[in-house]
There are 2 protein chains.
Amino acid sequence: MPEAAAASAAGTVRARRAQYDVARLLAVAVEVFIERGYDGTSMEDLARATGISKSSIYHHVESKEQLLRLALERALDALFAITSEEGAKTARAIDRLQYVIGRVVEVLGAELPYVTVLLRVRGNTETERWALERRRQFDRFVRAIVIEAAADGGVREDLRPALVERLVLGMINSITEWYRPGRVEVGELKETVVAMVMGGLGGTP
Amino acid sequence: MPEAAAASAAGTVRARRAQYDVARLLAVAVEVFIERGYDGTSMEDLARATGISKSSIYHHVESKEQLLRLALERALDALFAITSEEGAKTARAIDRLQYVIGRVVEVLGAELPYVTVLLRVRGNTETERWALERRRQFDRFVRAIVIEAAADGGVREDLRPALVERLVLGMINSITEWYRPGRVEVGELKETVVAMVMGGLGGTP
DNA sequence: GTCTATAATCAGATAGAC
DNA sequence: GTCTATCTGATTATAGAC
C-alpha cells in the first residue's frame, strides 16, 4: 500500500515525513556506498544520510551486506535482461554487438547507482564473489558476440577479440565514474559510444 | 645502499631474508590494497601479507594512510611526466593525442599497481581528495588536446570533446581492471587502444 | 628491524522501550 | 517504525623489550 493511502486508511490526514521502506533505504544507502565506497561506509554514515538511527535501519534489513546484495541483484538483473531481448538475437553479429552496446549504455543510465556499485565490487565477501562471477558471465556473453563479429569480417581481424571486448566494456563501464543524468542525455551518450566503437574518432558521421 | 652491499659492509656474508624498507613494504601493501580495496584492508591484513608484525610496519611508515599517499604520489608523478615529454608538444593536435594516449597506456603498464590504486580513490580523506584533484588536472590536459583536435578537423565534429575525452580515458583506465603483464604485451595493448580510438572496430589496419 | 602486549576508538549488530 | 543504550569484536596505533 502506498504511504498516502496507508495514512488515509488509518484516518491520519496530516502531512508527515515519509517513512522508510527497504527500497527507499536502499536508494539512499547506495548513494553513500558510491560516495565513500562500501567498505568505507559505516552504519553510522547510513544513519546520518537517512536521518534515522542505526537500529531503525536494522528494522528494514538484516545487515549492511544485505543492502549491498540487494543493490547487486538489481544491477545484474537489469544487465542480464538484455541477453534475452529480441535485438540481441539479430542475424549479423556486428548488428547484435551494436545493439547490445547501446542497450548496456541505456541500462547503465537507467540503473546508474546500482550498476556503479556492481562495478566496484572486489570480492571481499561471498556476496561480492557471487556478483563478480555473474558479471564475468555477462562479459563472456559480450565477448562471444565480438568473436563472432570478427569471424564474420565485421570487425578488423588484427585486433584480439578478448582485448576488444574488455576495452569496449571498459569504456562503457567507465561511464559510471562521471555520468550524472541531466547534463548529457543518455541518447547522446549511447550514440557517442556506438559511434566511437564502430568508427573511432575519424569515422564518418 | 642495496641490501647485499649493506650485508657485506657489515661483514655478514651469510644469506638472510631480505628485510623490509619502505619501498618493498609499499609494493606489498599496494597489492593488498588492490585485492581488498584500501578501506577493506586492515593493518592485520598487511602484517599477514608482509610476514612481519603490525608494529614492524609502523616502524617504516607513520600510518596506513601514508602507504596510500606514497602509492598515489608515484602514480601521479608517472602520469604528469608525460605532459612535459617532447611527443606531447607535436604540432598537430591529433598527433599529440595519439602520442599521449599511447604513453598513458605504457605508463599504466609500467606502474600498474600504483595507477590501479590511484584510479580507485574516492575522496574519503584529505590525501584522497588531493589525489583526485591532481588526477582531474591530468584529465583536463587530455581534454584540451581533444578539443584542439576537434577544432583542427582531426576528430569528427559531431562528438562532444568532453565526452570523447572521458570515454577514451575511461577505456584506458579500465585496463587496470584486468591487465596483468605477461599474457599480453604492453605494445600490443597500446596498438589496440590507439587503433580503436583512431579508427574504431571497422577502421583500416 | 622486529616482536608481544595493550591502549583507545570505532564498527556491526542487538535489547527493549515507546 | 523509530528510538536510546549497550554489547562484542575488530581496528588503528603505541609502549617498551630484544
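A note on names: the letters A, B, ... follow the listed sequences, proteins ahead of strands, and every chain is numbered from 1.
Ion pair A/R166/B/E177 not flagged as a salt bridge, since none of the NZ, NE, NH1 or NH2 atoms sits closer than 4.0 Å to an Asp/Glu carboxylate oxygen. Between B/R122 and A/E35, no side-chain nitrogen of the basic residue sits less than 4.0 Å from a carboxylate oxygen of the acidic one, so the salt-bridge criterion is not met. Under 4.0 Å is where a charged nitrogen must lie from a carboxylate oxygen, and between A/K190 and A/E185 no such pair does. In summary, B/R48 and B/D45 engage in a salt bridge, as defined by a charged side-chain N under 4.0 Å from a carboxylate O. Taking 4.0 Å as the cut-off between side-chain N and carboxylate O, A/R140 and A/E165 do not count as a salt-bridged pair.
Considering only heavy atoms from C-beta on, A/L46 comes within 4.5 Å of A/F33 through its side chain.
Counting to the nearest Å, the P atom of C/dA15 and the NZ atom of A/K54 are 15 Å from each other. For B/Y20 and C/dT2, the OH to P distance is 8 Å, given to the nearest whole Å. A/D39 has its CG atom 11 Å from the P atom of D/dT12, to the nearest Å.
A cation-pi contact, defined as under 6.0 Å to the ring centre and within 45° of the axis, is absent between B/R96 and B/Y99.
Residues from residues 40-49 of chain B with heavy atoms under 4.0 angstrom of DNA chain D, sorted by number: B/T41, B/S42, B/M43. Of the residues in residues 56-73 of chain A, those placing a heavy atom less than 4.0 Å from an atom of DNA chain C are A/Y58, A/S63, A/K64, in numerical order.
For a distance-only test at 3.5 Å, the side chain of B/S55 qualifies as a donor-acceptor partner of the base of C/dT4.
The local environment of CZ in B/R92 is sparse, with at most 12 non-hydrogen atoms from other residues, nucleotides or ligands closer than 6.0 Å.
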